[in-house]
Amino acid sequence: MLRDVLGGRTPRVLVQGATGRAAQLHLRLMRRCGTEIVGGVSLTRKTPDVDGVPVFTGCAEAVLETRADTSVIMVPALSVLPAIAEAIDAGIRLVVSVTEGMPVQDAMRAWHIVRDAGADWIGPSTPGMAIPGRLKLGFLPDAALAPGPIGVMSKSGTLSYEVCRRLVRRGIGQSGWIGVGGDVVKGLRFADLVPTFHHHGGTRAVLVIGEIGGTEEEELAEALRIHRFDKPVFVVLAGSSAPEGVTMGHAGALIHGGRGTLASKQEALSAAGAKVFTRMEDAVEAIAEAIGGGGMASGQSSEETSRSVRPAGR
Amino acid sequence: MLMLEHDAKEILAGKGVPVPLGVLAESTDAPLPDFPPPFVVKAQVPFGGRGKAGGIRSCGTRAALPALLGEMIGMALKGHPVQACRIEQAVAGAQEFYLSLSVHAPTASVAVLLSPEGGVEIEGEGSAALRSGRSRLGADAIAAEVARLAEDLPETVRSAVTAAGKALGGLFVELDALLLEINPLFVRPDGTWLAGDAKLILDDNALPRQPELAALLRARANAYADTAFKLAQGFDFVVLDPDGEIGLVTTGAGLSMKLIDELIGLGARPFNFCDIRTGQMRGDPARLILVLQAMAAAPHIRSILVNIFAGITDLAEFADLLVKALLAVPEIKVPVVVRLVGNGEGEAAAILAGSGLPLRLESDLDAAVALAVAESRKGARDAS
């Protein structure tokens, strides 16, 4: 389903937990980005509608009434697993769960529910995804979004905001931006997105925002090789200074017993042909040099376009 | 988080897992065990490989314990000071196995590892004797996988390992564990088994539905400072370098981590990691005050860098809270460099500029970092 959406399909979107304080705000902001939100789901149904979007008490009814195929889940952490199960059961094909703090064993259970149904899950603990100018599922910040040729996959919200904003200021935007999240067990992983970006005509290069811990970057390197991925891949890795055994915010970003180290990731990705950076600005420079001018899709302001042809050095 | 061995064993023993008799000694004059020697004295540190580093010692008599504790408590293992030791009854005449259950993230399953060659040398992979399998998450599925891996072992041993697999598989699920590793798993000639060591990683995210484990963490907050802090305060704050010179007030785990990388790359000494989660502050400067107080109490802070990239948060509100917090912690006399991006950044800049506080505003992150580093070096020169 994700590949169809990147390819041009317009998803019909539900928001689960739609009447929550944050969800009401995000529902409005997502609509402002062009997202076709067709319904909300709330067990308590405190209000009959949010921003004019009808609210239902369950996914099955909502899907029946609205023909929704996608859901953005904004419910408390311990309720994410049942919300995903309900969405998949109702026939939803793409779920984006933004909530932080989902128990890992819940994520393991959700992974199988989604996989067994052949659907896609982005999350947990992610700002979501966006196709700038067309669609936003979650809350990626507008200050970092612009249409362009870079496919982005990221474990970290804020780090991807910072790098993408710097690129946008140089006139280079995104073809699609998927935050996979920093948790240990998750739906779509970096490696799963390789065929998606490989086949996506609008993507000319890929930016990966990774970090220490786990094996996702190593899996990505393997997938790049298997798919003979021939678009340039730029990687920013966080955590070069993290001490062993100390968790810095992301549950997955933990070096344990010598595994998940930066060196292991650097080596695997470099061997697969990716360019790996530890300084944000070095990655931005390299991308600007490789993509050069014309990194912003048409329809941008002349100011943004003129920026894109500035020389790379500041 | 990784539980210290003593706590892991107390948790497991409370659920019926057989473990050697043991007591925790947090000082040299701690009450001595009431069970007979020989003893093994084990440093309680949150990482593996302590045996090779000298953190596990044998002790033949009760009389020798205080001196040995005196030697071990306070010693540094891999740079980490030993705060406590577990005094345990030595186990003799048993075969040693290795059994590990862990989360295999790419397949959302449980990785099961079993080796008939337990002990300090095994570190997972590598060993030819290691048997590995995967199971779906579930007590019965894990137990069945352990039994399958033990199938060709001699009968007495096989039944002991299978029993261990059943008990530990159930607890892996019940405790919301991410890793449960028993090495060595002692199997006695009579077919009984005992968890000789226990490495248990619990899921911080599951603590809200694990009240017993959350209570244990609160009771032992001194041993699990970072997790206890997060549990109590709702955000991450980790002191990385007690002698650090730059205090960080930042949001977002990845960007905060990257900032630390880049500061260290410049030869600077960041004091802390911080993910303050501006979205959860809801008009209350309490989190900022807490963080600033920690910095005020640190001996060598020379500058503070505030970096907030707000997707949704109203930066004007944040700026207002930052001013309130700085006024509430007047002990902060070092330069504060502030970089805010996102919603309402213009209004936020006006609030900060009009506060009368000596704040340095920067819109570019690299420039803000350079300024914070320069100020910290200037501060170091002034102090020397």
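These numbers were taken from a predicted model, which means no experiment stands behind them. Numbered from 1 within each chain, the chains take letters A, B, ... in sequence-line order.
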Participant: Kindly compute the distance separating CG (B/Asn343) from CG (A/Asp142), expressed to the nearest 0.5 Å.
Facilitator: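 So the CG of B/Asn343 and the CG of A/Asp142 are separated by 8.5 Å.
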Participant: Has the side chain of B/Lys258 got a donor or acceptor atom that lies under 3.5 Å from a matching backbone atom of A/Val236?
Facilitator: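 Between the backbone of A/Val236 and the side chain of B/Lys258 there is no qualifying donor-acceptor contact (under 3.5 Å).
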Participant: Please determine, among B/Thr251, B/Val103, B/Thr107, the option with the most heavy-atom pairs under 4.5 Å with chain A.
Facilitator: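 The option with the most such pairs is B/Thr107.
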Participant: Near B/Glu212 CD, under 6.0 Å, is it more than 12 heavy atoms from other residues, nucleotides or ligands?
Facilitator: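 Not more than 12 within 6.0 Å, no.
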Participant: Side chain of B/Asp261, backbone of A/Ala238: donor and acceptor closer than 3.5 Å?
Facilitator: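 No; judged by distance alone, with no hydrogens or angles, the pair does not exist.
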Participant: Could you check whether any side-chain N or O of B/Asp203 sits under 3.5 Å from a backbone N or O of A/Pro103, counting only pairs where one atom can act as donor and the other as acceptor?
Facilitator: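 Not at all, since once roles are kept as given, no pair shorter than 3.5 Å links the two residues.
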Participant: More than 12 heavy atoms of other residues, nucleotides or ligands under 6.0 Å from CD of B/Gln210: is that the case?
Facilitator: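 More than 12 within 6.0 Å, yes.
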Participant: Charged N to carboxylate O below 4.0 Å: is that the case for B/Arg136 and A/Asp116?
Facilitator: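 Salt bridge between B/Arg136 and A/Asp116, a charged N being under 4.0 Å from a carboxylate O: yes.
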Participant: Shortest non-hydrogen contact from B/Pro106 to A/Glu219?
Facilitator: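 Distance-wise, the nearest heavy atoms are CG-OE2, 3.1 Å.
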Participant: What part of A/Val163 is in contact with chain B, defined as an atom under 4.5 angstrom from a non-hydrogen atom: side chain, backbone, both or neither?
Facilitator: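 Neither part.
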Participant: Checking A/Ile209 against chain B: side chain, backbone, both or neither under 4.5 Å from a heavy atom?
Facilitator: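 Neither part, no heavy atoms under 4.5 Å.
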Participant: Let me know if B/Phe172 has heavy atoms under 4.5 Å from chain A in its side chain, its backbone, both or neither.
Facilitator: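 For B/Phe172, the contact with chain A is made by backbone and side chain together.
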Participant: Between A/Glu162 and chain B, which part of the residue has a heavy atom less than 4.5 Å away: side chain, backbone, both or neither?
Facilitator: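 Contact with chain B is through both the backbone and side chain of A/Glu162.
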Participant: Which distance, rounded to the nearest 0.5 Å, do you find between the OG of A/Ser240 and the CD1 of B/Ile264?
Facilitator: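 Separation between the atoms: 7.0 Å.
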Participant: Would you say A/Arg32 has more than 12 foreign heavy atoms packed within less than 6.0 Å of its CZ?
Facilitator: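 Not buried by this count: 12 neighbours or fewer within 6.0 Å.
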Participant: Within a 6.0 Å radius of atom CG on B/Asp140, are there more than 12 heavy atoms belonging to other residues, nucleotides or ligands?
Facilitator: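 Counting neighbours around CG of B/Asp140, 12 or fewer heavy atoms of other residues, nucleotides or ligands fall under 6.0 Å, so no.
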Participant: Nearest 0.5 Å, please: how far is CD in A/Gln105 from CG in B/Leu137?
Facilitator: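 If I round to the nearest 0.5 Å, the distance is 4.5 Å.
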Participant: Distance check, rounded to the nearest 0.5 Å: A/Ser241 atom OG versus B/Asp241 atom CG?
Facilitator: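 Answer for the OG-CG pair, A/Ser241 versus B/Asp241, is 11.0 Å.
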Participant: Mind checking the CE-CD spacing from B/Met257 to A/Glu211? Nearest 0.5 Å is all I need.
Facilitator: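 If I round to the nearest 0.5 Å, the distance is 4.0 Å.
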Participant: Side chain, backbone, both or neither: which part of A/Arg166 has a non-hydrogen atom closer than 4.5 Å to chain B?
Facilitator: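 When you check distances to chain B, only side chain atoms of A/Arg166 fall under 4.5 Å.
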Participant: Between A/Thr158 and B/Leu255 (side chain of the first, backbone of the second, donor and acceptor by atom type, cut-off under 3.5 Å), is there such a pair?
Facilitator: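 Yes: the side chain of A/Thr158 pairs with the backbone of B/Leu255.
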Participant: Mind checking whether A/Met108 and B/His104 have side chains closer than 4.5 Å, heavy atoms only?
Facilitator: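 Not touching, per the 4.5 Å side-chain cut-off.
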Participant: Whether A/Arg169 and B/Asp364 form a salt bridge (side-chain N of Lys/Arg under 4.0 Å from carboxylate O of Asp/Glu) is what I want to check.
Facilitator: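 A salt bridge is absent here (no side-chain N lies under 4.0 Å from a carboxylate O).
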Participant: Tell me, side chain or backbone of A/Arg189 under 4.5 Å from chain B's heavy atoms, or both, or neither?
Facilitator: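 Contact with chain B is through the side chain of A/Arg189 alone.
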Participant: Minimum heavy-atom separation for B/Asn205 to A/Gly101, with atom names?
Facilitator: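 Minimum heavy-atom separation between B/Asn205 and A/Gly101: CB-O, 3.3 Å.
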Participant: Select one option (side chain, backbone, both, neither) describing which atoms of A/Leu237 are under 4.5 Å from chain B's heavy atoms.
Facilitator: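 A/Leu237 touches chain B through backbone heavy atoms alone.
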Participant: Out of A/Arg165, A/Glu281, A/Met280, which residue meets the side chain to side chain contact (heavy atoms under 4.5 Å, CB included) rule with B/Leu365?
Facilitator: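 In the set A/Arg165, A/Glu281, A/Met280, the residue that makes a side chain to side chain contact (heavy atoms under 4.5 Å, CB included) with B/Leu365 is A/Met280.
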Participant: For A/Thr215, is it the side chain, the backbone, both, or neither that has a heavy atom closer than 4.5 Å to a heavy atom of chain B?
Facilitator: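 Contact with chain B: side chain only.
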Participant: Which bit of B/Val341 comes within less than 4.5 Å of chain A, counting heavy atoms only: side chain, backbone, both or neither?
Facilitator: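 Side chain only.
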